[in-house]
J.: 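Just dropping this structure here.
This one's a predicted model, so the numbers in the text were calculated from it and none came from an experiment. Below, read A as the first sequence line, B as the second, and so on, with proteins coming before strands; counting in each chain starts at 1.
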Number of protein chains: 2
Amino acid sequence: MLYAGFMSAALPPFPQPQEPVDKPHLLEVGSAPDEPCLRADAARNRARLLEAAARLIAEHGAAGVTMEAVAAEAGVGKGTVFRRFGDRTGLLTALLDHSAKKLQADFLGGPPPLGPGAPPVERLRAFGIAVLYRSAEQLDLQLAAQPEPTRRYSHPSARALHTHVTMLLRQTLPDADCDLLAQTLMAYLDPALINHLTRQCGMSMERLEKGWLDLVDRVTRTGV
Amino acid sequence: MLYAGFMSAALPPFPQPQEPVDKPHLLEVGSAPDEPCLRADAARNRARLLEAAARLIAEHGAAGVTMEAVAAEAGVGKGTVFRRFGDRTGLLTALLDHSAKKLQADFLGGPPPLGPGAPPVERLRAFGIAVLYRSAEQLDLQLAAQPEPTRRYSHPSARALHTHVTMLLRQTLPDADCDLLAQTLMAYLDPALINHLTRQCGMSMERLEKGWLDLVDRVTRTGV
DNA sequence: TAACGATCCGGACCGAGGTCCGGTTACGTT
DNA sequence: AACGTAACCGGACCTCGGTCCGGATCGTTA
């Protein structure tokens, strides 16, 4: 099983034709009981689609899989795919949802140094390493799931990570513009960059890791 | 006139069907006299296409212009557009070529603090500000011209900037992994990020500017 | 200037993402 | 159990980026 999170939330009363429907519900830790829950057939199809996508991607690579093929493999109409996941990015993102939620759980409530309990800078270091390796594992999928430039940073998952880094930074550098610094740190962990450095420049993961630790040091080094 | 650089280089002897043809010739400072020069009609059409594209983009925005429309506006076949510029990204990049070359000339041979003559850190500061404002001016075009994640960092223009930053860093931090640090600094100047921060988060350019100066300080701050 | 070959042109063609809407199905209600 | 409606399904359809190749052009050589 590569996927998870089969429940999803529907939009407000209005079934306005062709809208996402499958918002990434990260960070919704026990809030509003707002889960209309899919109709039985819809849920079944959703599951089938994720399975089918995972199968095809394992076989042909994320880049070589067409939406129509996924629909066919799932024994479902093309419209159903788009109704459920909005667009290609949405489907791919849903496949990453499991590991995304796990990561989030780890740094929100897991054991130190990733989770609470360790000093902020320590957590920051661990965070980077964790993200680095997670991205490396699923590079192809991460790349294929990357939305167009306009949406890249507004994506809920990206914002969650960014928010966390900002918080850690603020605990260390109360007077700095942590929002911007966090953005910079996150940029270092961008899958596209990791891809470039490892596959096109031939750098080793160890080097990237060292680079992260060094970067964190430099950024958090308080005044001269 | 928004465009420039009407000359272009053709590929080796073999006219292998459907290949770029219009490589961005940045960094070719007076090297090989390797410029077969386009045939008259080809050059004429290239110019027409750039004009047409600039017109349409000014009118409908970079995102709302189709390749076919550009071809039509230029009174040319669709195939001609792709033969000349390879793909959509290629055409958009060509439109940015003028300002790209100007920027490059400025920091390679212009007056300090951008050009040689000022201390490296000073040049780095000026460089970031310059790139920041250049991107802000042509945000839409820069966004639309951004290639897919896999090619983003390998693009010649990006590499040129990166190389320069690396050099400046190495003059300041001879013992650091300047390649990686440069990548981080460049990431701060990514058009997609600037777009997000200014238009989606509502930050001011002044804040971004301060952020850059601060970042450069932190990164170049030599050991405790 | 006539003829020839390399280069280029154009628009029909293809594949893939995304949309639409008539028909179908699930589920609460009576 | 029959019914009504909201939600869902499917696949035809559209658009747009990108490809292909027969035919037209340019520039050169004789």
Side-chain angles (χ1 to χ4, degrees), chain A residues 8-22 35-49 53 56 60 62-92 144-145 147-148 151, chain B residues 8-22 36-49 52-53 56 60 62-93 144-148 151:
Chain A
S8 76
L11 291 179
F14 301 62
Q16 61 261 75
Q18 222 66 349
E19 275 306 306
V21 157
D22 212 61
E35 283 247 4
C37 199
L38 293 180
R39 228 171 66 174
D41 51 350
R44 179 176 48 81
N45 282 341
R46 187 187 135 89
R48 281 188 187 170
L49 282 169
L56 290 181
H60 304 111
V65 172
T66 146
M67 297 301 272
E68 205 153 10
V70 173
E73 172 85 8
V76 142
K78 195 180 178 183
T80 303
V81 190
F82 287 97
R83 151 164 287 269
R84 191 58 49 204
F85 298 101
D87 58 9
R88 185 185 170 81
T89 292
L91 172 61
L92 266 9
E148 30 148 36
R151 292 193 297 161
Chain B
S8 76
L11 293 178
F14 301 63
Q16 62 261 71
Q18 220 67 347
E19 276 306 305
V21 157
D22 214 61
C37 198
L38 293 179
R39 229 171 66 173
D41 50 350
R44 179 175 48 80
N45 283 340
R46 186 185 136 88
R48 281 188 187 171
L49 282 168
L56 289 182
H60 303 112
V65 173
T66 99
M67 298 303 269
E68 204 152 12
V70 173
E73 172 85 8
V76 144
K78 195 182 179 182
T80 304
V81 190
F82 287 96
R83 151 162 285 271
R84 191 56 51 204
F85 298 101
D87 58 8
R88 186 185 169 81
T89 292
L91 173 60
L92 266 10
T93 301
Q146 197 141 79
E148 29 149 36
R151 292 192 297 157

J.: Measure the distance from CG on Asp87(B) to C1' on dT19(D) and round it to the nearest whole Å.
T.: 13 Å
J.: I'd like to compare against my own output: the B/S/- annotation of nucleotides 22-30 of chain C with a strict under-4.0 Å heavy-atom distance to protein.
T.: ---BSS---
J.: Could you check whether atom CD of Glu68(B) has more than 12 heavy atoms from other residues, nucleotides or ligands sitting under 6.0 Å from it?
T.: no
J.: Nearest whole Å is fine: how far is dG18(C) C1' from Leu91(A) CG?
T.: 14 Å
J.: Which residue in the set Val81(B), Val76(B), Leu38(B) passes side chain to side chain contact (heavy atoms under 4.5 Å, CB included) when paired with Asn45(B)?
T.: Val76(B)
J.: Go through residues 67-75 of chain B and report each residue with a non-hydrogen atom lying under 4.0 Å from DNA chain C, sorted by number.
T.: none
J.: Heavy-atom distance under 4.5 Å between the side chains of Arg46(A) and Leu49(A), does that happen here?
T.: no
J.: Working to the nearest 0.5 Å, report the span between CZ of Arg48(A) and CG of Asp41(A).
T.: 10.0 Å
J.: Within this structure, what is the CD-to-C1' distance between Glu148(A) and dG17(C), rounded to whole angstrom?
T.: 13 Å
J.: For Arg88(A) and dG18(C), what is the distance between atoms CZ and P respectively, to the nearest whole Å?
T.: 8 Å
J.: If I take atom CZ in residue Phe82(A) and atom P in nucleotide dG11(D), what distance separates them, rounded to the nearest angstrom?
T.: 15 Å
J.: Using a cut-off of less than 4.0 Å, is there contact between a side-chain N or O of Arg84(A) and OP1 or OP2 of dC9(D)?
T.: yes
J.: If you compare every side-chain N and O of Asn45(A) against the phosphate oxygens of dC8(D) (OP1, OP2), does one of them come in below 4.0 Å?
T.: no
J.: Find the distance Arg48(A):CZ to dC9(D):P and express it as a whole number of Å.
T.: 11 Å
J.: In terms of side-chain heavy atoms of Lys78(A), which of dG17(D), dG10(D), dC13(D) is nearest?
T.: dC13(D)
J.: Residues two or more places apart in sequence or in another chain: which of them pass side chain to side chain contact (heavy atoms under 4.5 Å, CB included) with Thr89(B)?
T.: Asp87(B), Thr93(B), Pro147(B), Arg151(B)
J.: At under 4.0 Å, does any side-chain N or O of Thr66(A) touch on OP1 or OP2 of dG17(C)?
T.: yes
J.: Expressed as a whole number of angstroms, how long is the span from Arg83(B):CZ to dG22(D):C1'?
T.: 14 Å
J.: Which heavy atom of Ala62(B) sits nearest to which heavy atom of Ala144(B), and what is that distance?
T.: CB-CB, 3.8 Å
J.: Take atom CZ of Phe85(B) and atom P of dC8(C), then tell me their distance rounded to the nearest Å.
T.: 13 Å
J.: Apply side-chain contact (heavy atoms from CB on, under 4.5 Å) to residues Val70(B) and Glu73(B) and explain how you reach the verdict.
T.: CA-CA 5 Å; Val70(B) 173; Glu73(B) 172 85 8; 5.7 Å; no
J.: Mind listing the closest non-hydrogen atom pair of Thr66(A) and Arg88(A) along with its distance?
T.: CA-NH1, 4.5 Å
